[in-house]
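Both ligands and their constituent atoms are indexed starting at 1 by order of listing. A quick note: this is a predicted structure, and the numbers were derived from the prediction, not measured.
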Amino acid sequence: MDQAETVRTPSSWVVVGLDNGGTCNNATVLDATGQFLVDNLVENPSRVLDGPESAVEALAGAFANILELTSTPLSLVRAVGLDTPGPASAHGVISSKGATNFNQVSWHGFDIRGALEARLGLPVVYNNDGNAAALYAHHQHFGAAAAANSSVSAIVGTGLGGGVVEAGTVIRGAAGMAGELGHVQIPLHGVLEDDQPVPRCNCGFAGDVESVASLTGIRNNLLPYWLTRFPDHPLAKEPIATAAKALRGYGEKDDALALAVFGQQAKAIGKLFTIAANFTDPAAYFLGGGVVEAAPHFRQWFLNSVREATDLRDEQKAVATFALVPDRDMAGARGAAVAALNTVTPL
Ligand SMILES: [Zn+2]
């Protein structure tokens, strides 16, 4: 990769975005004019499995590295945006029960935002990764009109994340739990087959969006059912976890079982967006996650299927946009940076 073409130097003050994941941190720099200085993914080991102290040092290392890469003096940095997987409070305190990436006892109730702020000596703004991706999708799509618009993003991965953006700002909620779109329960009529068991989610709910529209939902609920309808399918011979991950490849080849499963996912997301239409009536509905990396004809079919399953009124159809979330790998770091920029220059 030619870094001369993919990295620029700042012409003004900047904010830094840090996306903390299970194995890597991804970092970016955003200048005061809204330009990202890095076009590519810049990753460093996150060391979250070594506990909070190591992980905060790794974040500080990622911060120093991205400043060096972009030749940005520390004195130009006004704020830092941080995102991590949840569950965490609105201000970056990891759940007292821990979380998938933060299961050591030392992580339980750990204030990762406060710890990084103390370590860097700069203001740190926190979002969970779904909200950061939603914020990036919103700002990328609307640009200068971000503050005048609203959106809802559904990000399909291992679970279903996302966020609700109103007037350019993420809705956080009283306990920081707004926009947990995966755990919104949806009407299943028109989604499930007559003889299909009601899908269950790891959160304890039955029939929420994540129980259908996630890799976990495919593995635990949809694929076991659909394999009974396609007993001779090649995936019937595979372990269920392997088969679930392989399903998207079959979808790209228009395999009937795969299209049945992804069709149900699209309908579930459409039901969620129908709730959103009657709740915040957003200007845009964004779809992200692994599907964005799929073959263009398949991801377009999926997006179209979601749109068809979203029941909008004529007035809403006239103004609403459906789009894929861009730059999947960088969406977290970029959204974290946008959140930081918004604290320096409020919308
Ligand atoms: Zn759930």
For this session: Fit a plane to each ring of F262 and F298, take the angle between them on a 0 to 90° scale, and name the class: parallel (under 30°), tilted (30 to 60°) or perpendicular (over 60°).
Result: perpendicular

For this session: Would you please classify the geometry between the F230 ring and the W226 ring as parallel, tilted or perpendicular, with 30° and 60° separating the classes?
Result: tilted

For this session: Would you mind listing every side-chain hydrogen bond (donor to acceptor under 3.5 Å, both in side chains) that reaches into residues 132-157, with sequence neighbours excluded?
Result: Y136-Q140, Y136-D327, Y136-R334, H138-S151

Seminar exercise, completed: A correct count of protein N/O/S atoms found below 2.8 Å of the Zn ion (ligand 1) gives 4

For this session: Tell me, with the steps shown, if Y250 and H233 meet ring pair (Phe, Tyr, Trp, His ring centres under 6.0 Å).
Result: CA-CA 11 Å; Y250 283 86; H233 196 279; 5.1 Å; yes

Exercise. Do any pairs count as a side-chain hydrogen bond (donor to acceptor under 3.5 Å, both in side chains) and have a residue in residues 336-347, sequence neighbours left out, and if so which ones?
Worked result: none

For this session: Quick one: name the residues clustered hydrophobically with F205, using the 4.5 Å side-chain heavy-atom rule over I, L, V, M, F, W, Y, and just say none if it's on its own.
Result: none

